[in-house]
Amino acid sequence: ETLVLLNAISRVDAQSAQDGELIPIKRRFDILYSRMTSIDASSNFATLKDQAAFSETIEKILNKLKELVPIIDGDDAQLRANLQNVYDEIAGLRPNTRKLALIGVDTFAEQGDTQRGEFSALLRDTAQLGLVLFSGLLIAIILMMRQRRLANLRANAVRESQSRYASTINASLDAIIVADANGIIL
């Protein structure tokens with residue numbers, strides 16, 4: 001925004017500027033001022049404001065912009081007369097706005113690295129939990145298949161025993177006497 005404002009000022013000839021030509025300068029100044037106050041007041045930048053370098057830099061920028069407000073918001077003749085001074089003051093803010101941007105980039109890059117690390121740990125933990133659950137399900141399936149096989153073997157043994165018993169009874173035409181171990185007929 002600082003460069004855009006400087007470009008808007010440099011496009012205007014202070015001596016021959018008409019009133020309408022100053023509107024883009026005023027608009028660009030308002031945008032720059034609004035952005036700086038938003039950064040200063042926003043809770044999104046709280047981690048940045050905790051840093052002394054950031055707080056000092058934003059304070060310098062806002063103080064300089066507040067000094068320029070009467071010139072920018074004053075009448076057009078006053079702005080035309082002070083256009084070069086406004087340009088110089090805004091140009092003097094460029095190192096501070098650059099510093100502000102670099103602090104923001106560094107801080108947000110560190111936050112991004114931290115968030116990526118936390119997300120990686122979350123994915124790793126989720127994968128480990130998934131592996132444990134998958135292993136548990138696999139063991140349960142194996143146990144169920146073993147139980148099924150044992151149940152099938154028992155069912156086959158019972159069917160075979162019933163079949164032998166039925167064939168013994170059906171094969172014999174004579175009466176069958178069933179006695180226990182003591183010789184008592186049942």
Side-chain angles (χ1 to χ4, degrees), residues 1-8 24 27-62 65 93-186:
E1 291 301 324
T2 306
L3 291 175
V4 174
L5 176 57
L6 289 172
N7 286 338
R27 185 179 310 126
R28 287 294 162 193
F29 180 85
D30 289 344
I31 291 171
L32 176 62
Y33 187 85
S34 174
R35 295 247 167 105
M36 291 300 142
T37 54
S38 293
I39 290 171
D40 188 46
S42 176
S43 62
N44 293 333
F45 299 101
T47 56
L48 291 172
K49 288 187 281 184
D50 292 341
Q51 299 177 28
F54 183 87
S55 294
E56 291 169 8
T57 305
I58 193 78
E59 192 66 31
K60 286 178 190 175
I61 293 170
L62 284 172
L65 292 175
L93 291 177
R94 285 186 64 203
N96 288 328
T97 55
R98 177 175 165 70
K99 182 179 179 182
L100 203 64
L102 291 176
I103 291 170
V105 167
D106 287 343
T107 302
F108 289 130
E110 288 173 8
Q111 286 178 349
D113 290 343
T114 302
Q115 288 173 347
R116 279 188 292 281
E118 291 170 355
F119 186 69
S120 294
L122 177 65
L123 284 177
R124 185 186 63 248
D125 293 347
T126 303
Q128 290 172 345
L129 179 63
L131 182 62
V132 167
L133 289 174
F134 181 74
S135 299
L137 286 173
L138 189 60
I139 290 170
I141 289 172
I142 290 171
L143 289 174
M144 288 176 57
M145 289 174 63
R146 184 174 179 271
Q147 291 295 328
R148 182 176 174 261
R149 189 171 39 94
L150 289 174
N152 285 341
L153 288 174
R154 286 184 189 136
N156 288 340
V158 167
R159 273 193 295 271
E160 188 177 312
S161 175
Q162 285 177 345
S163 175
R164 272 189 263 135
Y165 181 72
S167 32
T168 302
I169 291 185
N170 291 337
S172 168
L173 296 175
D174 298 329
I176 296 176
I177 298 175
V178 179
D180 62 7
N182 296 326
I184 299 176
I185 300 174
L186 299 173

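Values below: every heavy atom of this structure, side chains too, minus hydrogens, waters and symmetry copies. The structure presented is a predicted model; accordingly, all values stated were derived computationally and were not measured.
Salt bridge annotation for D113-R116: present, with a cationic side-chain nitrogen under 4.0 angstrom from a carboxylate oxygen. The pair E56-K60 does not meet the salt-bridge criterion, since no charged nitrogen lies less than 4.0 angstrom from a carboxylate oxygen.
Residues forming a side chain to side chain donor-acceptor pair (under 3.5 Å) with R35 (at least two apart in sequence, or on another chain): E1. For D125, the side chain to side chain contact (heavy atoms under 4.5 Å, CB included) partners are Q128, not counting sequence neighbours. Residues satisfying the side chain to side chain contact (heavy atoms under 4.5 Å, CB included) test with R146, not counting sequence neighbours, are R149, L150.
Remark: T37 OG1 to L62 CG distance equals 7.0 Å, nearest 0.5 Å. To the nearest 0.5 Å, atom CG of residue L102 and atom NZ of residue K99 are 10.0 Å apart. A distance of 5.5 Å separates CG in L138 from CZ in F134, rounded to the nearest 0.5 Å. Distance CG/L122 to OG1/T126: 4.0 Å, rounded to 0.5 Å.
The shortest non-hydrogen separation linking Y33 to L65 is CD1-CB, 3.6 Å. Among all heavy-atom pairs drawn from T57 and N96, the shortest one is CG2-O, 3.2 Å.
Here the side chain of D180 pairs a donor or acceptor atom with the backbone of N182 at under 3.5 angstrom. With hydrogens and angles disregarded, no donor-acceptor distance shorter than 3.5 Å links the side chain of T107 to the backbone of G104. Within the 3.5 Å criterion, the main-chain N or O of R159 finds no donor-acceptor partner in the side chain of S163.
For the pair R28 and L32, the minimum side-chain heavy-atom distance is 4.5 Å or more.
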